[in-house]
Amino acid sequence: MGVTGGISEMPQVTEGPGTADSEALATLHRVFGYEAFRGEQQAIIEHVVAGGDALVLMPTGGGKSLCYQIPALVRPGTGVVISPLIALMQDQVDALRALGVRAGFVNSTQDFDERRMVEAEFLAGELDLLYLAPERLRLDATQDLLSRGKISVFAIDEAHCVSQWGHDFRPDYLTLSLLGERWPDVPRIALTATATRATHEEITQRLNLPAARHFVASFDRPNIQYRIVPKADPKKQLLAFLREEHAGDAGIVYCLSRNSVERTAEFLTANGIEAVPYHAGLDAGTRAAHQSRFLREDGLVVVATIAFGMGIDKPDVRFVAHLDLPKSIEGYYQETGRAGRDGLPSTAWMAYGLNDVIQQRKLIQSGEGDEAFRRRAAAHLDAMLALCETAQCRRGQLLAYFGQDPDAAGCGNCDTCLTPPETWDGTIAAQKVLSTVVRLQRERGQKFGAIQIVDILLGKRTGKVIQFDHDQLSVFGIGQDLTEGEWRGAIRQLLAQGLLAVEGEYGTLGLTEASGSVLRREREVPLRKEPKKPAATRQRSAGASAGSGKAKAAAVELPDELLPAFEALRAWRAEQAREQGVPAYVIFHDATLREIVTRRPGSVRDLGTVNGVGEKKLATYGEGVLQVLASLDGAAPAAADDTPDADWPEPADEPEPDDWI
Ligand code: ADP
Ligand code: ZN
């Protein structure tokens with residue numbers, strides 16, 4: 001790897017005939033310290049370097065950033081990156097500067113002088129990359145500024161924000177269609193982790209990218225284990241999951257409401273797990289401080305609404321937990337995709353129950369929007385429910401949703417593959433539920449929710465049953481063959497299958513068009529058995545063994561004898577990070593530290609061949625790393641016990657104003 005050679009001195013490492021790809025590869029080695037491109041990166045970069053427009057669909061963690069950063073470095077001029085993530089721009093720029101890339105940003109968090117300085121750098125041609133919020137681009141002053149400088153490429157990050165149907169819609173993205181008109185010669189690359197065909201088409205059309213080449217990467221994230229468990233006592237289940245499988249790990253817990261975010265964060269903290277809340281109801285300063293802590297500290301849990309997470313590129317998020325049902329598979333996949341960007345084993349865990357279905361169906365019915373909007377929301381929910389209720393491989397179902405062929409044999413790293421669920425013939429149970437609904441309606445003109453239906457089936461004489469004389473119904477007590485949990489599971493599945501409906505603001509149960517065929521015994525209703533105990537615990541290496549066609553996954557666990565060196569390097573890294581006020585992963589990723597302790601480079605030159613060690617980092621940290629390794633070699637074996645704890649930087653206190661919510 002050419003850690004010392006300049007771009008022009010390295011033609012021998014190239015494979016292709018053109019200079020564009022040789023420069024791209026040389027830049028990958030020299031600046032980023034990576035050995036090879038991943039998946040589609042090379043094709044995308046070559047296309048953009050040659051001046052083509054591109055639409056890039058890659059899952060979170062797939063490696064989108066390089067797809068515009070390298071063209072920006074290789075082509076003359078400054079790459080302009082449009083990103084909605086103002087609160088993260090400082091970190092992104094810091095990370096690039098640590099690589100020796102001349103990067104800057106212009107946004108509302110800066111004062112006049114800071115902004116002027118960046119603008120002057122841009123005009124002088126001294127910036128490789130300039131980050132801009134979309135709302136700035138609308139300003140004439142910004143457009144004039146851009147016209148006076150030289151632009152190498154426009155990168156439109158989080159391009160799905162232009163989609164009016166998505167939950168991340170940003171009206172300012174609509175103005176981005178002007179880029180092509182005003183700068184017809186500058187290539188544009190739009191990137192997103194949202195993958196449905198409808199979204200591709202919307203992005204192409206709204207960003208005015210008719211000639212863009214589409215690059216659709218595999219959406220598989222083999223190192224993430226997907227699990228969906230039946231919800232009983234969600235906070236307790238979460239606590240057990242964290243204690244048993246993710247003690248001390250960083251992760252994100254998603255809840256639907258601000259209230260449950262607050263309560264869950266308090267609950268975790270009271271139980272010894274450090275957790276902070278994040279939602280749009282908190283003031284900007286608190287939100288920024290919590291986000292900053294999450295990025296900078298090790299092992300912090302953020303409990304959040306969907307307001308949190310877009311653009312968070314922390315590589316070592318070990319789990320993403322959902323305590324409430326996401327509204328769509330797109331949302332679920334983006335949120336869970338925030339786990340394991342470093343390729344190490346991670347878990348996407350969700351607790352899901354009957355109330356989730358009722359609540360979401362109610363939300364759609366009582367929510368804003370016209371009939372078309374509701375239909376779309378209902379279709380999204382149906383797909384999400386199908387994922388929750390499937391007895392097949394979850395990953396297979398996810399990939400199929402994104403138009404990709406799943407592995408017919410299953411993935412081996414999701415709950416249904418690890419512990420295949422049993423199914424049972426629920427036809428009679430379904431008839432009992434539906435008959436109860438029919439009788440209440442026909443004989444009494446009443447509608448009730450799931451709780452009352454289950455009480456009637458079980459023959460429970462509760463206050464409400466007696467009050468309404470429901471013990472006089474012929475269906476009273478006909479369901480004593482199943483438990484309450486089983487009835488709730490059956491109702492949930494009937495709702496998910498569209499055989500039962502949720503109605504009105506109270507969420508009462510009613511029939512659907514399909515209900516009749518069950519009542520008339522024209523169809524069978526297979527149901528999934530409610531597992532007695534939660535499915536499979538994590539199998540750490542499962543992702544790694546997932547087969548050849550999959551993306552490179554989990555690194556192997558470190559053997560015990562290498563741990564002291566790893567911990568010593570982490571402690572050293574923490575000190576560097578604290579001194580510079582940047583997240584630890586900006587210095588080196590865990591994966592890079594792992595490779596260093598495994599290979600034990602003896603010289604600066606050797607160290608330069610480690611993945612993730614580029615020219616600038618080698619120059620800045622090379623000696624320091626070698627010193628840490630040397631001090632370990634000199635130490636007596638017993639000293640291993642004294643290895644300093646990986647001590648993490650104090651949270652940086654500067655508030656990062658955050659106006660993107
Ligand atoms: P995305 O933006 O698609 O979510 P990133 O661009 O943040 O993904 O990349 C995810 C991780 O993979 C980052 O830590 C990045 O440094 C790493 N990465 C990307 N491309 C390569 C590569 N060619 N070789 C090694 N690591 C890579
Ligand atoms: Zn599977």
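We count ligands from 1, going down the list as the structure has it; atoms in each ligand are counted the same way.
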Would you say the side chains of [X] and [Y] form a donor-acceptor pair under 3.5 Å?
X    : Y    : value
R318 : S346 : yes
N611 : E595 : no
Y254 : R338 : yes
E330 : Y401 : yes
Y352 : E389 : yes

What is the nearest protein non-hydrogen atom to [atom], stated with its residue, atom name and distance?
atom                    : result
atom 12 (O) of ligand 1 : R38 NH1, 3.1 Å
atom 10 (C) of ligand 1 : G61 O, 3.5 Å
atom 7 (O) of ligand 1  : R341 NH2, 3.4 Å
atom 20 (N) of ligand 1 : Q41 NE2, 3.0 Å
atom 15 (C) of ligand 1 : Y34 OH, 3.7 Å

May I ask you to check whether over 12 heavy atoms, not counting those of K327, lie within 6.0 Å of atom NZ?
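No, not enclosed.
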Which one holds for M58 and ligand 1: side chain close, backbone close, both close, or neither close, with close meaning a heavy atom under 4.0 Å?
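Neither part.
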How does E35 reach ligand 1, if at all, at less than 4.0 Å between non-hydrogen atoms: by side chain, backbone, both, or neither?
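The answer is neither.
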Name the option, out of G337, P315, P59, S65, that contains the heavy atom nearest to atom 6 (O) of ligand 1.
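It is S65 that holds the nearest heavy atom.
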Under 4.0 Å from a heavy atom of [X]: give me the atoms of ligand 1 that qualify, with their elements.
X    : answer
T60  : 4 (O)
G63  : 1 (P), 3 (O), 5 (P), 6 (O), 8 (O), 9 (O), 19 (C)
H589 : 14 (O), 16 (O)

R594 and side chain to side chain contact (heavy atoms under 4.5 Å, CB included): which single residue from L562, L569, L344 fits?
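Running side chain to side chain contact (heavy atoms under 4.5 Å, CB included) over L562, L569, L344 with R594 returns exactly one hit, L344.
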Can you find an N or O of [X] that's nearer than 3.5 Å to an N or O of ligand 1?
X    : answer
D313 : no
N611 : no
F37  : no

Consider ligand 1: state whether an atom of it lies below 4.0 angstrom from any non-hydrogen atom of A36.
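Contact check A36 vs ligand 1: positive.
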Are side-chain heavy atoms of Q225 and L418 found at a separation under 4.5 Å?
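They are in side-chain contact.
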Flag the pair R170 / Y173 as yes when at least one side-chain heavy-atom distance between them is below 4.5 Å, and no otherwise.
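Side chain of R170 against side chain of Y173, heavy atoms only: contact under 4.5 Å found.
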Nearest 10° is fine: what angle sits at the Zn ion (ligand 2) between SG from C393 and SG from C417?
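That angle is 100°.
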Testing R394, R395, R528, R227 for salt bridge (Lys or Arg N to Asp or Glu O under 4.0 Å) with D415, which one passes?
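Only one of R394, R395, R528, R227 forms a salt bridge (Lys or Arg N to Asp or Glu O under 4.0 Å) with D415, namely R394.
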